[in-house]
Amino acid sequence: MPRHLRLGVNIDHVATIRNARGGRHPDPVRAARLAASAGADGITAHLREDRRHMTDADIERLIADIELPLNLEMAATDEMLGIALRHRPHAACIVPERRAERTTEGGLDADGGRGHLARFVDALNAAGIRTSLFIEPDARQIEAAATLGAPVVELHTGAYCEAGADAAPAQLARIEEAAAAADALGLECHAGHGIAFDTVGPIARIPTLAELNIGHFLIGEAIFGGLDKAIGRMRTLMDTARRPDDADVA
């Protein structure tokens with residue numbers, strides 16, 4: 001089990017609030033700096049085709065102004081590949097993207113899309129960008145990611161986080177099995193989507209996970225108690241989960 005489970009904080013929805021009215025407030029770069037001081041290990045930002053969250057200028061400023069590694073979430077398009085290669089973020093996570101969706105609705109079909117995805121993975125790897133594929137916790141998808149040469153997979157945790165009490169154990173088992181399968185193939189395994197205070201503990205206890213990426217919930221909690229406190233509590237819950245002899249944090 002990795003001694004430290006990394007926390008990547010997705011700041012997209014700071015930009016969403018800013019864009020609702022225009023102007024410069026609230027500033028995603030300020031949020032990234034606050035996340036760093038509160039215990040984040042990295043910053044995640046999704047540059048969508050329609051720029052509904054982050055803008056090109058946001059990505060430029062994040063690259064220039066923050067010290068934490070930047071994980072650029074991107075669709076597999078020539079436009080986004082060009083942006084990634086120009087800015088050279090620490091990491092790039094290829095995600096599915098549909099213009100009509102409110103948020104990412106599921107994992108990438110790496111198995112069915114091998115022919116399309118191969119050149120994007122190859123180009124990002126060649127540029128020294130840590131490339132990951134955002135996929136469902138499914139053996140076929142993990143095997144496809146390994147075949148494509150992606151060194152990292154990020155497992156979509158939405159089905160577990162949204163499941164009721166009866167369905168949650170089966171969904172958690174899917175994530176555990178997928179993370180173990182990724183580890184057996186030599187892939188670094190991350191997880192994210194929908195994770196909240198009440199769902200993070202069981203996920204964080206999965207020994208073959210190296211990183212969690214969490215955004216919407218933390219930005220929502222920041223409204224009520226501050227971003228630093230929300231990140232600090234999430235960091236504590238993750239750390240406690242990696243110490244199974246300790247009591248859960250309330």
Side-chain angles (χ1 to χ4, degrees), residues 6 8 10-12 15 42-64 68-101 103-158 178-179 181-193 208-211 213 215:
R6 299 192 302 268
N10 187 316
I11 58 170
D12 285 354
I43 299 298
T44 293
H46 186 174
L47 186 65
R48 282 182 171 265
E49 177 193 19
D50 60 9
R51 309 307 198 263
R52 73 177 70 169
H53 306 309
M54 310 300 290
T55 67
D56 299 66
D58 291 329
I59 301 301
E60 291 175 5
R61 291 180 61 220
L62 287 167
I63 291 285
L68 288 182
L70 177 66
N71 175 35
L72 175 66
E73 290 186 339
M74 54 174 275
T77 67
D78 288 332
E79 179 195 22
M80 292 302 154
L81 179 61
I83 291 169
L85 295 179
R86 183 165 67 251
H87 291 299
R88 304 290 180 97
H90 171 74
C93 182
I94 301 177
V95 301
E97 188 174 309
R98 293 192 308 109
R99 184 170 292 193
E101 68 187 359
T103 185
T104 304
E105 296 176 344
L108 192 73
D109 185 6
D111 184 43
R114 297 185 202 213
H116 174 69
L117 292 170
R119 69 184 180 90
F120 294 95
V121 174
D122 289 347
L124 293 167
N125 283 343
I129 299 168
R130 188 194 70 186
T131 308
S132 62
L133 301 181
F134 184 72
I135 59 173
E136 292 296 322
D138 176 85
R140 289 186 306 107
Q141 300 299 339
I142 293 166
E143 291 167 4
T147 300
L148 283 163
V152 181
V153 291
E154 182 171 338
L155 303 179
H156 180 255
T157 54
D183 184 66
L185 290 174
L187 303 177
E188 182 171 299
C189 193
H190 303 173
H193 197 86
T208 45
L209 288 177
E211 180 175 307
N213 284 296

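For the atom pair CD of Glu136 and CD of Gln141, the computed distance is 8.0 Å after rounding to the nearest 0.5 Å. Atoms NE2 and CD1, from His53 and Ile11 in turn, are 12.0 Å apart once rounded to the nearest 0.5 Å. Distance check, rounded to the nearest 0.5 Å: CG of Leu148 to CZ of Arg114 gives 6.5 Å. To the nearest 0.5 angstrom, Asp111 atom CG is 10.0 Å from Ile135 atom CD1. Note that CG of Leu133 is 5.5 Å distant from CD1 of Ile94, once rounded to the nearest 0.5 Å. To the nearest 0.5 angstrom, His46 atom NE2 is 7.0 Å from Met80 atom CE.
Asn71 and Thr44 share a side-chain donor-acceptor pair at under 3.5 Å.
The side chain to side chain donor-acceptor pair (under 3.5 Å) analysis of residues 120-135, with sequence neighbours excluded, yields the pairs Asn125-Thr131.
In summary, Asp50 and Arg48 do not engage in a salt bridge, as defined by a charged side-chain N under 4.0 Å from a carboxylate O. Using a 4.0 Å cut-off between a side-chain N of Lys or Arg and a carboxylate O of Asp or Glu, Arg6 and Glu154 do not qualify as a salt bridge.
Using a 4.5 Å cut-off on side-chain heavy atoms (C-beta onward), Pro89 and Ile129 make contact. Contact check for Ile63 versus Arg88: no side-chain heavy atoms found under the 4.5 Å cut-off. The closest side-chain heavy-atom distance from Arg61 to Thr55 is not below 4.5 Å. Looking only at side-chain heavy atoms (C-beta outward), Phe134 and His193 come within less than 4.5 Å of each other. Leu72 is not listed as a side-chain neighbour of Leu62, based on a closest heavy-atom distance of 4.5 Å or more. Two residues are said to be in side-chain contact when any heavy atoms from C-beta on lie closer than 4.5 Å; Glu49 and Thr77 fail this criterion. In this structure, the side chains of Leu187 and Val152 stay at 4.5 Å or more apart for every pair of heavy atoms. The shortest distance between side-chain heavy atoms of Pro96 and Asp109 does not fall below 4.5 Å.
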For this session: Report the C-alpha separation of Ile83 and Met74 in whole Å, then their side-chain angles, then the decisive distance to 0.1 Å, and conclude whether the side-chain contact (heavy atoms from CB on, under 4.5 Å) test is met.
Result: CA-CA 9 Å; Ile83 291 169; Met74 54 174 275; over 6 Å; no

Problem set entry | Evaluation steps, side-chain contact (heavy atoms from CB on, under 4.5 Å), between Asn10 and Glu73 | CA-CA 10 Å; Asn10 187 316; Glu73 290 186 339; 3.7 Å; yes

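Closest non-hydrogen pair, Gly42 versus Leu68, comes out as N-CD1, 4.0 Å. Minimum interatomic distance between Ala191 and Thr157 (heavy atoms only, all atoms of both residues): CB-CG2, 3.7 Å. Nearest approach of Ala45 to Asp12, heavy atoms of both residues: CA-OD1, 3.3 Å. Listed here is the closest heavy atom pair of Ala150 and Val121: N-CG1, 3.8 Å. Considering every non-hydrogen atom in both Pro137 and Leu155, the closest pair reads CA-CD2, 4.1 Å.
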